[in-house]
Novice: 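Attaching a single structure in structure tokens format; questions to follow.
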Amino acid sequence: MSDRTMMDKPLGSVVQGSLSQGLEVKLHPDVSVEDMRVGKFLVVRGVRSDFFCMLTDVSLGTSSQRIVADPPSADDTFLQAVLAGSGTYGTINLTPMLMLTRDASESGGTYVVADTNPKKVSAIASFQAQTSGDMELLPVKTVPSHFSQVYDATERDFRAVFGWEDDPHRRNFAIGQPLDMEVPVCIDLDRFVERSNGVFGKSGTGKSFLTRLLLSGIIRRQAAVNLIFDMHSEYGWEAVREGKQFSTVKGLRQLFPGQVEMYTLDPQSTKRRGVRDAQELYLSYDQIEVQDIFLVRNELGLSEAALDNANILNAEFGNSWIVQLLNMTNEEIQMFCEERKGHKGSIMSLQRKLMRLENLKYLRTACPHNYVNQILQSLDAGKHVVIEFGSQSDMLSYMLVTNMITRRIHAAYVRKAETFLQTKNTSDRPQQLVITIEEAHRFLDPAIVQSTIFGTIAREMRKYFVTLLVVDQRPSGIDNEVMSQIGTRITALLNDEKDIDAIFTGVSGGASLRSVLAKLDSKQQALILGHAVPMPVVVRTRPYDETFYREIGDTCWEEMSDEDVFAAAEAAKADIGF
């Protein structure tokens, strides 16, 4: 039997359309056009297939121009009722995303899984337990016939496409619900972490909350380890709840006390916020390479000539080039330029600009302890690391530190990956690493992306088991080649046309989704598309609240080690001010 019953109410009939332009549907007279919202998930019942579609536009139509020229008055409800459905009607435009093909006979049977895509296989296997008929979940290659009926998607439809959060065969994570239903929409975390991803949206749309949701899911489902560069102290420990000045939300360290470690560049600021067990983090001048200075050249006001002379200094003095430069007198600079063909004016300018580094709290002439190696050891042990910046959250510090640490972490992962490829020993396989960066366009700007480690990671995709989670309000500032490599895009409201265009870089059929993105609410709504979901979908994002804490956080004390219990106790003490 069909999975649609007589109790299902058809919304309208397909009247025209094409594979490239989508479907036009005329609504039935008893269906209000005001109930049709852009982003809604609908199902078209064809002869042989169900077509899962997204509503991309709503419009009004009339059967005669005379009605437009002489519409009934506002008080003439009788004439309005007579014209409704025949003379006047509503139309909607649908973009088909997936097909679920049924056996023509619709007799009982088993499922035909003709696709190797694990997300599709999982969805079909889940669907098998609830319905009958031979079915395949396929990309859309055709359109339904004229007058095919359109229905609201049911819970079974969502389950068939997006699966279950508790699916034992997949690391699914419920990121939200459809706009008009109480059913989870899941992303496949295994597919999510294997490519670089992005969280986008204009300021105030909840990007940080979305990012916390995703990071919590990755930690809970053990899909990867995370290295989070927490520019505004929003992820590690509690942060102010958006829109509520005197209310806070828990950070990852509070939700997962035994699994998350915190490092800070500003210990005093971190302690004032109530964090008692964050580890101090210091870097040294000899860890700074010319590449790091190149990335922050605008923040330091450096010219190309100054950078050229930085290379000359680096070639002469090696890792100590900054310390040597800062200690050089004018006479020594003059002598150096005569011997090494440097430019005195440029080197003196470079020296003057680099003196700003002496004001950074976390920089030392020399560090007896290698904090980057300590972070790497934590990641190797399966711990998730949050690096807080505190008062050192200016763009110079954020870009400099993030680049220095990431470059070294990536180099270590390259060595590990090469060892694994050589030995084929599973014990040598690096844990998948997700690096979260904010203000991503600063690192991935077209002018510098070829010279930064972040551009390298984005282009490599999963080659060395390292991917990015970029958080940004200006996706148009990110290099197009990098944007085309972003696997999954979770996008809140954007208004700027360039930013909207950037979201759909490299996305087939993106033009039909533009109107969907532009019509999102400013809070708690997002369009999800890409590698981790089988089709684009608009969701009302999962609330980051006490219910979420109970569902996602570390609550099973019996399974925690003594060390984890102690860490949780310390975090709890900090919570209440001890």
Novice: Please identify each residue that fulfils salt bridge (charged side-chain N to carboxylate O under 4.0 Å, His left out) with R514, with sequence neighbours left out.
Specialist: E497, D501
Novice: Please identify each residue that fulfils side-chain hydrogen bond (donor to acceptor under 3.5 Å, both in side chains) with T547, with sequence neighbours left out.
Specialist: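 Partners of T547 by the side-chain hydrogen bond (donor to acceptor under 3.5 Å, both in side chains) criterion, ordered by chain and then number, come out as R550.
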Novice: Taking only residues two or more places apart in sequence or in another chain, which ones pass ring-ring contact (aromatic ring centres under 6.0 Å, His included) with F504?
Specialist: none
Novice: Of all residues at least two apart in sequence or in a different chain, which pass the ring-ring contact (aromatic ring centres under 6.0 Å, His included) check with Y413?
Specialist: none
Novice: Show me the pairs that pass salt bridge (charged side-chain N to carboxylate O under 4.0 Å, His left out) and involve residues 424-436, at least two apart or across chains.
Specialist: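 Listed once each, the pairs would be none.
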Novice: Kindly write out the residues that satisfy ring-ring contact (aromatic ring centres under 6.0 Å, His included) with F173, not counting sequence neighbours, or none if the list is empty.
Specialist: none
Novice: Could you tell me which residues satisfy salt bridge (charged side-chain N to carboxylate O under 4.0 Å, His left out) with R542, sequence neighbours excluded, listed by chain and number?
Specialist: E165, E551
Novice: Sequence neighbours excluded, which residues qualify as salt bridge (charged side-chain N to carboxylate O under 4.0 Å, His left out) partners of D57?
Specialist: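 By the salt bridge (charged side-chain N to carboxylate O under 4.0 Å, His left out) rule, D57 matches no residue at all.
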Novice: Which residues pass the side-chain hydrogen bond (donor to acceptor under 3.5 Å, both in side chains) test with T541, not counting sequence neighbours?
Specialist: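 Expected list: none.
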Novice: For K416, what residues pass the salt bridge (charged side-chain N to carboxylate O under 4.0 Å, His left out) criterion, not counting sequence neighbours?
Specialist: D380
Novice: So, using ring-ring contact (aromatic ring centres under 6.0 Å, His included) as the criterion, who are the partners of Y235 when residues are at least two apart?
Specialist: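 ring-ring contact (aromatic ring centres under 6.0 Å, His included) check on Y235 returns nothing, list empty.
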Novice: We want to know whether H146 and Q16 form a side-chain donor-acceptor pair, criterion being a heavy-atom distance below 3.5 angstrom.
Specialist: no
Novice: Got a sec, which residues hit side-chain hydrogen bond (donor to acceptor under 3.5 Å, both in side chains) with S148, two or more places apart in sequence or on another chain?
Specialist: S145
